[in-house]
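Here the structure comes first, spelled out in structure tokens, and everything after it is commentary.
Note on naming: letters A, B, ... go to the chains in the order of the sequence lines (proteins, then strands), and numbering restarts at 1 for each one.
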Amino acid sequence: MATSQAPTRQAITLKGSTNLVTEFFKYAANTILFQRGVYPSDDFHMVKKYGQTVLVTQDLALENYLDRILKQVNKWLLTGSVTQLVLAIISKDTRLPLERWVFDVNLVEKPADSAEPTPAKPESEIQAEIRYILKQIVSTVTFLPIIDTPTVFNILAYTHDSADVPADEWVDTDPLAIEASKSQQVKLRSFSTDVHRIEALVAYRYEG
Amino acid sequence: MTSIPKTPSRYRSRSDAKTPLTPSMISAFNGISISPQKRSHPADLSNPFITKSRQASPVKRAAGGGIAISDSFQRQAGGGVIRKGGIETRLDVVSRDYLPPTSQPRPELKRSRSTPATRERTQSTGDNRDRFITTREVDDVAATLEIMSLNPKTASPGHTARLAAATGVPLNRRVLAYHEAPPASSSDSTLSQQRELARPLYGRPGELPSSTSSTTNKSRRIPTQPERVLDAPGMVDDFYLNLVSWSIQNIVAVALAESTYVWRADTGVVSHLGEAPEGTYVSSVDFSNDGAYLGIGLGTGEVELWDVEAGQKLRTMGGHQGQIAVLSWNAHILSSGCGDGSIWHHDVRVPRHKVMELLGHTGEVCGLKWRADGELLASGGNDNVVNIWDGRVGDVTDGARGQAKWTKRNHTAAVKAIAWCPWQSSLLASGGGTNDATIHVWNSGTGARLHSLKTPSQVTSIIWSPHKKEILTTHGYPTNAIMVHAYPSLERIAEIRDAHDSRVLYTAVGPAGDVVCTGAGDENLKFWRIWEGVGAKKKKEGKERSSSTTRSGILSIR
């Protein structure tokens, strides 16, 4: 029966979808770190992914750091506990938030009354959507303010209270928000798999 | 009655009385512009007495939105009289001074039964701005809230719940960050080293910190600008050729395409020495040890012998089958390295000049240097091989001298740069091309490899400093640099990036041992003062040596 198959297919695609999303976060984070000059551009090398070349860091320490974070994000995604991921770029000296790259994680609403399972979204389409977002992130350098000062980044995760948080690894912190009067926001494209829907937006500090 | 024009003061006082409001709460609540949702049904609710929603009094869940009224009416009502079609409708006018909260906080908790279905969204598409709060973006407000550090935990649960729901930052959300800070960028030493080496790929002469910046010894300053630049029009950009030579009499010979010029460094006079025959070009030049004679190798395979002082060609020695890319003198023997890989020894005194042939290369011979005492000859070729030959010249009887004493295949690219150490005669330095870019130092007695140094670009020549324990190397792709290294530590003392606009291909050191001359395809001949303060007595010694050789060396050439 078609309907009885649907649940099992869903369970599989949930894991696949979370892996897709986590991978996307990894490449998006790398792209942002490169484009915004948080790490020297020589540290990055090109790999083929999503049908185009993307830049990934060669710095082992940074790679490990991102992997640890994303592993936890993956777990949260599986349980649906994380709702938003933010990559905040703050000035190294003054700790002033300069940019916030906000990725909303929503669960795709299944039309509850559909008799037949919805056709799975082809991987190529998902990849195309991811490609668009990455290209768009790259293109944002055209309007984002130039950052001259050395910066560091922080990854924040907005989770539910009920989320299972390994206490020694993740701590509650200040959301590093940019003051409302000084922040400009640009909503970027989104992509969705069968299970998750990721929306992206960038908020940057803009004086005057 | 549908619309009661509101008089702000009246409402404000009323609402104030009901619930104690802090100004921050007011602004927070004001700021809530919840994203528009489809109005599934027209506002049927209404308590007609409430035309505008306001802060919920704890008890009375005011009917949501009070949108019994359409938006335009609301606006009009709020803003005084707005004539239909009048200018105000077309202008983007913030028409109200103060806008009491319009949206309805929706608590999950209390809701009195009597209240009609509350509308979730109110006035979402209308003009919510007023004079004091000119923007009502949700995220901004959320951000503002966070800055105001509204701490939901200390307030009463019901209140905070409403507050949280209202502001869109729900309570049951945590903002988490990984406990470790992200790594600093230069944490990886190999990466930072790589970065330093790779820097020239992205920079151009002006931008680069270039030259003596990061790695120079503070006490050692090498001028990054040449002392003198001579124009060398027609100088070809060919890696394999050796077009510059500097004699012990302080004369520089330069080959430009077919012509050979000599520049006297003492007087600064340039004279045209000679032309290659029609159809061919000069591929190498080398002064004899005493500086009296100049050997010129041609593209056709002939070697010419010229008298420098008289400016005359003395003889032409032919026979080679390929271009003569490199020449090296040893007293009366002129050795030539050919494009076919053979090395011939020419005795310039006798008519049958070819006295020996060394076959040890399968590729073009581009590096050739006699050791100063004439015991050994080192050669490097396009086949990536370095050969060290016994220097005794004569008939090859049992093949002992027909083969190289040492054959080194460590380089992975053409070996043009070959140099013997002046202060320790067993040392030989060799440098490889683009693929290799490594300098190896060998002990010619034992054949051992003593040192190796990887450089960022192809090595085009090596010069040992006559008076200091240093090695100068010139490079091509991609840095076009001149580098000075200490020996034996091979630590970089100085670097002059982009010494030329193209590969630094031809190098010669002056007889005083202080100035190095470099030539490149950018048609410039640059003189760099690398080693200063050369002892005067050394100079005298050199002069003595040269005078003695003229007595005992080549006396007459037929």
Side-chain angles (χ1 to χ4, degrees), chain A residues 33 37-43 57-66 68-69 72-73 76 81-84 86 88 92 97 100 102 150-163 165-185 201 203, chain B residues 24 27-28 30-33 35 132-153 161 164 167-203 456:
Chain A
L33 292 176
V38 184
Y39 286 89
S41 34
D42 300 333
D43 279 355
T57 181
Q58 281 178 300
D59 187 344
L60 286 174
L62 177 59
E63 204 176 308
N64 289 337
Y65 181 78
L66 283 175
R68 271 177 280 152
I69 292 186
Q72 183 57 52
V73 170
W76 278 329
S81 330
V82 65
T83 51
Q84 207 179 68
V86 175
K92 196 183 212 165
R100 288 177 106 239
V102 180
T151 49
V152 291
F153 75 99
N154 260 326
I155 297 193
L156 309 170
Y158 285 61
T159 62
H160 291 138
D161 244 350
S162 52
V165 176
D168 52 345
E169 290 181 20
W170 290 78
V171 294
D172 289 279
T173 114
D174 142 56
L176 292 175
I178 305 176
E179 297 92 295
S181 56
K182 300 213 178 105
S183 129
Q184 297 271 327
Q185 290 174 1
L201 86 78
Chain B
S24 58
S27 60
N30 278 341
I32 301 162
S33 91
S35 48
F132 300 109
I133 295 176
T134 53
T135 168
R136 292 187 188 263
E137 305 308 310
V138 176
D139 293 14
D140 279 0
V141 176
T144 319
L145 264 188
E146 283 156 346
I147 296 221
M148 293 190 296
S149 60
L150 274 172
N151 192 348
K153 306 238 184 327
T167 57
V169 178
L171 269 179
N172 57 350
R173 232 196 228 183
R174 298 172 65 179
V175 184
L176 300 164
Y178 198 63
H179 70 300
E180 269 176 37
S185 59
S186 51
S187 52
D188 191 332
S189 61
T190 55
L191 258 187
S192 51
Q193 199 184 39
Q194 208 181 26
R195 211 180 294 137
E196 200 185 275
L197 296 176
R199 227 190 292 142
L201 278 174
Y202 308 110

Chain B contact via [X] - side chain, backbone, both or neither, heavy atoms under 4.5 Å:
X        : answer
A/Tyr65  : side chain
A/Val102 : neither
A/Ser81  : neither
A/Leu156 : both

Just jot down the side-chain hydrogen bond (donor to acceptor under 3.5 Å, both in side chains) partners of A/Gln72, sequence neighbours excluded, or say none.
-> none
Determine whether [X] and [Y] make a side-chain contact, defined as any pair of heavy atoms from C-beta on separated by less than 4.5 Å.
X        : Y        : answer
A/Leu62  : A/Phe153 : yes
B/Leu176 : A/Asp172 : yes
A/Tyr158 : A/Val86  : yes

